[in-house]
Amino acid sequence: MGLGGIGAAVLNELSIRRVRPLGLDGCTIGHDLGSSHGGSRVARQAYFEHADYVPLLKSAFDGWDRLEAETGIRCLHRIGVLLAGGIDSMLLKASLASARAHGISIESLEPSELRRRFPQFTLPDGMHGVFEPGAGFVRPEAGIDANLQSAVRSGAEIRRPSRVLGIDADDDGALIRTSQGEIRAERVVVAAGAWTSQLLGEIDPRITLVPQRKEMVWFANRGERACSSAGMPAWLIDDDGACGDGVYYGVPTWRGQEGPLGMKIGFHGPGIPVDPNVKQAVPQEIVDRFSRDMKRYLPDVLGEPIAAQSCLYTMSPDEHFVIDRLPGRAAVVVAAGFSGHGYKFAPAIGEIAADLAMKGESSLPAGFLGFARFGTKAES
Ligand SMILES: Cc1cc2nc3c(=O)[nH]c(=O)nc-3n(C[C@H](O)[C@H](O)[C@H](O)COP(=O)(O)OP(=O)(O)OC[C@H]3O[C@@H](n4cnc5c(N)ncnc54)[C@H](O)[C@@H]3O)c2cc1C
């Protein structure tokens, strides 16, 4: 249940395994109420969040390639990702460590080389760079479309809008109460994004999945230099707190881009809890803050803000994903808590969730994302 970025990939993976899955979602396709809209998501493998994610990222990138080949829908654009930060920046240090540990091709750039290679940016003196040429961005709406088309071709059924009101489950099966009646299922994969806690109730007091609202702002291009066709990569900048406790990131304008035609900017940092049922306009002060800060980093290539949208993060207690069978209710698999960095993993998460639902364990190394780290384990 839940056919956003993650649930669509789970449905597709289950359908490939010929179990004739049923997909339920309370909203129509292409909605912008959850976490998987806005045209692009940065996709990198030199992963500062934790090196253990890298094998899953490699699997996910392969999955995107397979999905594109099968459906003809372009999902992953390898335009390169540039990370910039001070010599002690965790963004750079941990990304380099991940790349070294897993043999990911990256280029480490001294400050002078960083300025020479990427003159579009105006960065504080002494900033170093890490460039990952095989990275880029994925298109969330296109990925959902491709996964759902492929799933239906392989025998999946989709019912939407069909809101799940509750799930009564034990280890053997589940009764799903929906706005259109009850459904008995052998297994349920809950990929309900920001609504996961509302739906499942308290899993354990140690495990809170908290929705936060985040903004995306598009800026007009001043000439071609802000476009991927002119060598502008996707990017993240860690300015050592100069612009707040987090990192700015951007995805340049690319050929074939739908929606606002400009560079998309976001800020990955702490937020405040929100009710996912209340959709809010982007506050003007956020647009003003982004504009001020972009004049600092990209004064020559960006013009005025032209559009803004909000979107939801679902934060887990340690900002790592939660993918496991539900403690005490093994018929339910949870894939949630993606904490603002989950979309690019969708094909791999589809595989892990399908493995857990069908075999109780996954052949991908995803044990570090299970409930056991909180001191509570799924019963077999
Ligand atoms: C601004 C922003 C920037 C991001 N940047 C990146 C990035 O650069 N790289 C990256 O990898 N990730 C990024 N992410 C994170 C990524 O987008 C999310 O991790 C991912 O999209 C989560 O997908 P999901 O399927 O869990 O949630 P959603 O896409 O929200 O899907 C959940 C679905 O469940 C349905 N649902 C919920 N409750 C019910 C119910 N009771 N009954 C029926 N259906 C229900 C909803 O309608 C929805 O369609 C970003 C997120 C945001 C908001």
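Counting convention: from 1, in listed order, for ligands and their atoms alike. Keep in mind the model is a prediction, meaning the values are calculated, not measured.
- Counting heavy atoms under 4.0 Å from ligand 1, residue Tyr343 touches it through both backbone and side chain.
- Listed for the Ser339 side chain is a donor-acceptor partner under 3.5 Å among the backbone atoms of Ser316.
- The heavy atom nearest to atom 28 (P) of ligand 1, out of those in Gly2, Ser35, Pro276, is found in Ser35.
- At a heavy-atom cutoff of 4.0 Å, ligand 1 is contacted by no atom of Phe345, backbone or side chain.
- Applying the side-chain contact (heavy atoms from CB on, under 4.5 Å) rule to Ala142 yields the partners Ile73, Arg139; only residues at least two apart in sequence or on another chain are considered.
- Of the polar atoms of Phe338, none of the N or O atoms is found under 3.5 Å from an N or O of ligand 1, judged by distance alone.
- Here Ala336 has no heavy atoms under 4.0 Å from ligand 1, in either its backbone or its side chain.
- When non-hydrogen atoms are compared, ligand 1 lies under 4.0 Å from the backbone of Lys344 as well as from its side chain.
- With a 4.0 Å heavy-atom cut-off, ligand 1 is reached by no atom of Glu215.
- Here Gln198 has no heavy atoms under 4.0 Å from ligand 1, in either its backbone or its side chain.
- With a heavy-atom cut-off of 4.0 Å, Ala335 does not touch ligand 1 at all.
- The ligand atoms of ligand 1 that sit less than 4.0 angstrom from a heavy atom of Met1 are 39 (C), 40 (C), 42 (N), 43 (C), 44 (N), 45 (C).
- Residue Leu165 does not touch ligand 1, judged by heavy-atom distances below 4.0 Å.
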